[in-house]
*Asks:* 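Supplied in structure tokens, the structure appears directly below.
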Protein chains: 2
Amino acid sequence: MYDFDSNRPIYIQLMDHIKMQIVAGAFSAGSKLASVRDLASDFGVNPNTMQRALSELEREDLLFAQRTSGRFVTADQQKIDGLRKQLATEYVQQLLETMKRMGYGKKDLLSLIQSIMEEM
Amino acid sequence: MYDFDSNRPIYIQLMDHIKMQIVAGAFSAGSKLASVRDLASDFGVNPNTMQRALSELEREDLLFAQRTSGRFVTADQQKIDGLRKQLATEYVQQLLETMKRMGYGKKDLLSLIQSIMEEM
DNA sequence: AGTACTGTACTAATGACATGATACAATAAT
DNA sequence: ATTATTGTATCATGTCATTAGTACAGTACT
């Protein structure tokens, strides 16, 4: 089961989540994933939806499938590290732009971040 | 015209954008908006889609309509200020959680933010 | 040899989103 | 009074996401 945002396609959210697990090291490079059906069951979605998410991740060369033995995380650790850096940069850039549009200056933003960090 | 993300409903993106303009002060409290048809034309969407976005913002008490004279931003400046703070907090919290899931510690995150800030 | 599991493919049904095209009632402007 | 503009409502159509159900081909295991 999983908590989905109804305003975005589920397969996209699945992609994001799995991508996150890979870059965070929860799925290490080269390791084997559960089967499509099992993953679908874990997340409470239809196997077709999970299949779609995994296929897309395959097109991005993050996963690869072996027709009958299963699906695996890419063995290319450099690619994973690169993605981690890229995702982090994108997320931060997006936040900075959003905050800028709301009229937050750099100092305002930094102090807000500091105060929220302390609460966590 | 506007650059939409095809993975999210347009009316939601319109809501976000208009909300942002309000909290940023581009539309000041109590001021009048352009007509549904004009706004739809500006953003390159169907009037029905724009109508939907505006109706939703009305349900959130950010706008109010006067049946024949037009649509206006709420006159409640406190509500706008509160929303600004709320949105900013949510965005920052979300980033912090995401970065944490990717294995970024507080120091790593802060230095990444600093370096990206300097590029902008 | 046979069974179970793998990814993969296909069809059909449903619902949400978006667009196009009209139409109406109420008010402002002329 | 007439006209233009306002928000609003409705209907039809097309696309996409999601689910359900079924099926097939290849491999590992027993």
Side-chain angles (χ1 to χ4, degrees), chain A residues 1-19 21-22 27-75, chain B residues 1-19 21-22 27-75:
Chain A
M1 293 302 173
Y2 197 68
D3 184 34
F4 292 110
D5 173 4
S6 61
N7 288 327
R8 286 168 62 215
I10 293 176
Y11 81 96
I12 300 275
Q13 298 180 57
L14 290 171
M15 287 177 66
D16 286 347
H17 191 261
I18 295 170
K19 217 179 265 188
Q21 288 189 295
I22 293 174
F27 294 152
S28 56
S31 66
K32 181 176 177 177
L33 269 67
S35 75
V36 180
R37 295 167 177 79
D38 285 352
L39 282 174
S41 169
D42 289 347
F43 284 88
V45 300
N46 189 279
N48 296 324
T49 305
M50 181 57 73
Q51 166 74 14
R52 167 123 192 224
L54 297 176
S55 307
E56 300 280 344
L57 290 175
E58 216 160 310
R59 283 201 313 111
E60 298 182 11
D61 289 327
L62 265 178
L63 303 178
F64 63 95
Q66 272 171 355
R67 186 126 177 65
T68 62
S69 61
R71 206 177 237 114
F72 303 83
V73 178
T74 178
Chain B
M1 291 303 171
Y2 197 68
D3 186 34
F4 292 109
D5 173 2
S6 60
N7 289 327
R8 286 168 61 216
I10 293 178
Y11 82 97
I12 299 275
Q13 298 180 57
L14 289 171
M15 287 176 65
D16 287 346
H17 189 260
I18 296 169
K19 214 179 266 188
Q21 289 189 295
I22 292 174
F27 294 152
S28 56
S31 65
K32 181 178 177 178
L33 270 66
S35 74
V36 180
R37 294 167 178 81
D38 286 351
L39 282 175
S41 169
D42 291 346
F43 284 88
V45 300
N46 190 278
N48 295 325
T49 306
M50 180 57 73
Q51 166 74 15
R52 168 127 193 219
L54 297 175
S55 307
E56 300 279 345
L57 290 176
E58 216 160 312
R59 283 202 311 112
E60 297 182 11
D61 288 327
L62 265 177
L63 303 178
F64 64 94
Q66 273 171 352
R67 185 123 177 64
T68 63
S69 61
R71 208 176 236 117
F72 304 83
V73 178
T74 179

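Note on naming: letters A, B, ... go to the chains in the order of the sequence lines (proteins, then strands), and numbering restarts at 1 for each one.
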*Asks:* Check the distance between dG7(C)'s P and D38(A)'s CG and give it to me in whole angstrom.
*Replies:* 9 Å
*Asks:* 5'-most contact on DNA chain D: P47(A) or L54(B), nearest heavy atom basis?
*Replies:*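 Per heavy-atom nearest nucleotide, the more 5' residue is L54(B).
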*Asks:* dC17(C) P sits how many Å from I12(A) CD1, rounded?
*Replies:* 16 Å
*Asks:* Which nucleotide in the set dT6(C), dT27(D), dT19(C) lies at the smallest distance from any side-chain heavy atom of S35(A)?
*Replies:*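 Shortest atom-to-atom distance from the side chain points to dT6(C).
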*Asks:* By salt bridge (charged side-chain N to carboxylate O under 4.0 Å, His left out), which residues pair with D61(A), not counting sequence neighbours?
*Replies:*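 Not a single residue meets the salt bridge (charged side-chain N to carboxylate O under 4.0 Å, His left out) criterion with D61(A).
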*Asks:* Could you check how far CG of L39(B) sits from P of dG7(D), rounded to whole Å?
*Replies:* 8 Å
*Asks:* Quick check on DNA chain D: between R52(A) and L33(B), whose nearest nucleotide comes earlier from the 5' end?
*Replies:* L33(B)
*Asks:* Mind calculating the distance between CD (Q13(A)) and P (dA17(D)) to the nearest angstrom?
*Replies:* 13 Å
*Asks:* How long is the gap from OG on S55(A) to CZ on R71(A), to the nearest 0.5 Å?
*Replies:*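 Here the rounded value is 5.5 Å.
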*Asks:* Roughly how many Å is it from OH in Y11(B) to P in dA16(C), rounded to a whole number?
*Replies:* 10 Å
*Asks:* Rounded to the nearest angstrom, tell me the gap between atom CZ in F72(A) and atom P in dT6(C).
*Replies:* 11 Å
*Asks:* Figure out the CG/P separation between N7(A) and dA16(C), and round it to whole Å.
*Replies:*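 Distance, rounded to whole Å: 12 Å.
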*Asks:* Output all residues satisfying side-chain contact (heavy atoms from CB on, under 4.5 Å) with A29(A), sequence neighbours left out; order by chain, then residue number.
*Replies:*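 Listed in chain order: Q77(A), I80(A).
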*Asks:* May I ask you to verify if any side-chain N or O of T49(A) is less than 4.0 angstrom from the OP1 or OP2 atom of dT19(D)?
*Replies:*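 For dT19(D), OP1 or OP2 has a side-chain N or O of T49(A) closer than 4.0 Å.
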*Asks:* Can you name the residues that form a side-chain contact (heavy atoms from CB on, under 4.5 Å) with T68(A), not counting sequence neighbours?
*Replies:* none
*Asks:* Could you give the distance from CD1 (I12(B)) to CG (D5(B)), rounded to the nearest 0.5 Å?
*Replies:*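 Output value for this atom pair is 12.0 Å.
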*Asks:* For E56(A), what residues pass the salt bridge (charged side-chain N to carboxylate O under 4.0 Å, His left out) criterion, not counting sequence neighbours?
*Replies:* R52(A), R59(A)
*Asks:* Show me the protein contacts with nucleotides 8-10 of chain D, counting only N or O atoms at under 3.5 Å.
*Replies:*
{"unit_1": "dT8(D)", "atom_1": "OP2", "unit_2": "Q51(B)", "atom_2": "NE2", "d": "3.2"}
{"unit_1": "dT8(D)", "atom_1": "OP2", "unit_2": "R71(B)", "atom_2": "NH2", "d": "2.3"}
{"unit_1": "dT8(D)", "atom_1": "O4", "unit_2": "R37(B)", "atom_2": "NH2", "d": "3.3"}
{"unit_1": "dT10(D)", "atom_1": "O4", "unit_2": "N48(B)", "atom_2": "OD1", "d": "3.4"}

*Asks:* Atom NZ of K32(B) and atom C1' of dG7(D): how far apart are they, to the nearest Å?
*Replies:* 11 Å
*Asks:* According to side-chain contact (heavy atoms from CB on, under 4.5 Å), who are the partners of N48(A), at least two apart in sequence or on a separate chain?
*Replies:* N46(A)
